[in-house]
Amino acid sequence: MPALTTTLYNTMTQRLEPVDTVEEGVVRLYVCGVTPQDRVHVGHARTFTTFDVLVRHLRASGHRVVFVRNVTDVDDKILLKSKERGEEPLAFSARMAELAKNDLRSCGCANPDHEPTVSGHIVEIIALVETLVAKGFAYVVDTAVGRDVYYDVKSFGAYGKLSHRKLDEAQAGARVAVVEQKRDPMDFALWKGCGESDWGWPSSFGKGRPGWHIECSAMAQKYLGNRLDIHGGAIDLIFPHHENEIAQSEAATGEPFSSHWVHGGFVTADQEKMSKSLGNFVTVEDVLSRNDAEAFRLFLLGTQYRGPLAFDVVKDDDGRVRFPSIDEAEKRADYFYTTLDLLEGLAAKEGAGDLPKHAMRTLFESTHPKVQEALDRDLNTPVVLALLGDHAKAMNELAGWLAKPKKAPCPEPQLLALAKLALTEWSACVVHVGLFQAAFPEYAARTRARRLGLRGLDEAAIEAKVQARAAAKTAKDFATADVLRGELVAAGIELTDSPEGTRWRVSP
RNA sequence: GGUGAGGUAGCCAAGUGGUUAGGCAACGGUUUGCAAAACCGUCAUACGAGGGUUCGAAUCCCUUCCUCACCUCCA
């Protein structure tokens, strides 16, 4: 088992700290997942992609990771929305959860090891609430419809340690819902009683539903034990959600809940946080209808996970929506894929020799350690992209040498050895970040189809025009060839002539 | 009011006190029938402002201006 060298910013201590594990050789990670009430948006995608990179990086570095990402399928908003649609709440949330899973998979995020739901863990939740009441950290309150259980924040001395706020200060400007029977305005519901005909589950407190927060404490404990190594989510969860989880879990077990707290920054649109409540969100479905998943991931990883990420939306004159920054990333994805395809084709040739002593070899050999180092330093993905860029640049130079061996600094067998090295090292790097999961032919086919569709172009018609231009070119009728090329370029088709013939692709 | 995160060249974005981050755009060059792609170069002695510490500060300290977020549901 290799040494764990990853450091991450810890919200609790407000410092960069090495990841440490309770049990040698296993990283236990819990990430707060979605409340399936609507489609997954770019903000969600960013957060879950961040943790997907963390998991992939740890695993690629030789560590075992147990990754839990929950689904909060019991929630007041779900009840409300399902009512509007005349659907059973759990049927509605199950349907939305399935869409969310698919959206995240489409973003290249690997499935977690466990994806527990609230509805599947009511028993554990009730038991935890009962423990908290028994230990004196929670109290029961009678209401008009049933019995609520509240967490008594004053009973937990460390309350506020994650968000670094003191109870009295937080209260000063707080806009918390006033419930008469609460002992403290900051007390929060563990269990919310409901009427017999309402959506809920029986418990020793009567029929009701779990409050927000308690489900994560219960499910984390069930799948990962009392002590987690890393708990993650976006920064808006620091307070109250994660603060409350700590209060519940630590009060119940008497053990520290999680060693590391990792929080991702927001995606903003027009300088504002993208969120459901503001209604300024763009769904993953929207993004992937316009751009490729690889481009989207490249865009997301272009900024370190803790900083804000601006998401631009532009409306063309014809009313078509575009995402300029993702279009830019898609051009970059094209570059990487084209480079890889080119070198793979050239490297397939037999006759590789020994590796030469050349600066390019040093570069190819240094990329992977540097990628490892960059990710170890708080998941510095922008640096990883820069490293991949340097690697790709060298691959292109090498491809040039293979195409014209006379201009190369070393003989062909050595060039072939370099090419194989470059490709092996590349593969070793990209598994850390989950980029370029699709093979080139798949990427090329799906981006071509999508771009043709978006531009309203017909593939056969373009192919015919490309052939017509090639024929004119062969006949040295460059005037005709250039007119045809002009028309194609105007339509968004890029042509690449080579000794092997002409290739074309649609611009992103 | 309390608590955080930021302000880096036209735009995006790294930066671990001390030799080039990187990308996009633009403009040159190599290459090409001409292009495109690719590669090389220029833009780039940039770090919100003002002080201070230091041989040396984007980085550490102080003051100040601006932006965003959390303190209500949020990834």
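Reminder, nothing fancy here: chain letters follow the sequence lines and each chain counts from 1.
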**Prompt:** So, A:D376 and A:T5: side-chain donor and acceptor under 3.5 Å apart, yes or no?
**Reply:** yes
**Asked** Using atom P of each nucleotide, how far apart are B:rA25 and B:rC12 to the nearest Å?
**Response** 15 Å
**Complete:** Quick tally for nucleotides 27-40 of chain B: nucleotides whose base has a protein heavy atom under 4.0 Å get B, sugar-phosphate-only ones S, the rest -, giving ------BBBB-SSS
**Request:** Name the nucleic acid region contacted by A:H241, choosing base, sugar-phosphate or nothing; use a 4.0 angstrom heavy-atom cut-off, strictly under.
**Result:** nothing
**Asked** Whom does B:rU59 pair with, Watson-Crick or G-U wobble, provided both distances fall under 3.5 Å?
**Response** none
**Message:** Applying a 4.0 Å non-hydrogen cut-off, can you work out what A:V489 is touching in the nucleic acid: base, sugar-phosphate, or nothing?
**Reply:** nothing
**Request:** Please work out if A:S275 contacts a base, only the sugar-phosphate, or nothing of the nucleic acid, heavy-atom cut-off 4.0 Å.
**Result:** base
**Message:** Could you check, using the six-membered ring where one of them is a Trp, whether A:Y150 and A:F188 have ring centers closer than 6.0 angstrom?
**Reply:** no
**Asked** Side chains of A:H242 and A:H213: do they bring a donor and an acceptor to under 3.5 Å?
**Response** no
**Prompt:** With both distances under 3.5 angstrom, what nucleotide forms a Watson-Crick or G-U wobble pair with B:rU67?
**Reply:** B:rA5
**Request:** Please give the nucleotide sitting opposite B:rU54 as a Watson-Crick or G-U wobble pair, both distances under 3.5 Å, or none.
**Result:** none
**Prompt:** Considering all heavy atoms of both residues, which atom of A:H263 and which atom of A:L162 are nearest to each other, and what is their separation?
**Reply:** CE1-CD2, 4.4 Å
**Asked** For A:N111 and A:R105, does a side-chain donor sit closer than 3.5 Å to a side-chain acceptor?
**Response** yes
**Request:** Give one of base, sugar-phosphate or nothing for A:R503, where a contact means two heavy atoms less than 4.0 Å apart.
**Result:** nothing
**Prompt:** If you look at every heavy atom in A:H391 and A:A422, which pair is closest and at what distance?
**Reply:** NE2-O, 3.0 Å
**Item:** Value in whole Å for how far the C1' atom of B:rG2 lies from OH of A:Y159
**Value:** 15 Å
**Prompt:** Looking across every strand, which nucleic acid part, if any, lies under 4.0 Å from A:G264 by heavy atom: base, sugar-phosphate, or nothing?
**Reply:** nothing
**Request:** Kindly determine whether A:L29 and A:H231 satisfy side chain to side chain contact (heavy atoms under 4.5 Å, CB included), including the steps that lead there.
**Result:** CA-CA 6 Å; A:L29 167 69; A:H231 192 129; over 6 Å; no
**Message:** Under 4.0 Å, heavy atoms only, any strand: does A:Y9 hit a base, just the sugar-phosphate, or nothing?
**Reply:** sugar-phosphate
**Request:** Could you state the atom-to-atom distance from NE2 of A:H391 to C1' of B:rG22 in whole Å?
**Result:** 16 Å
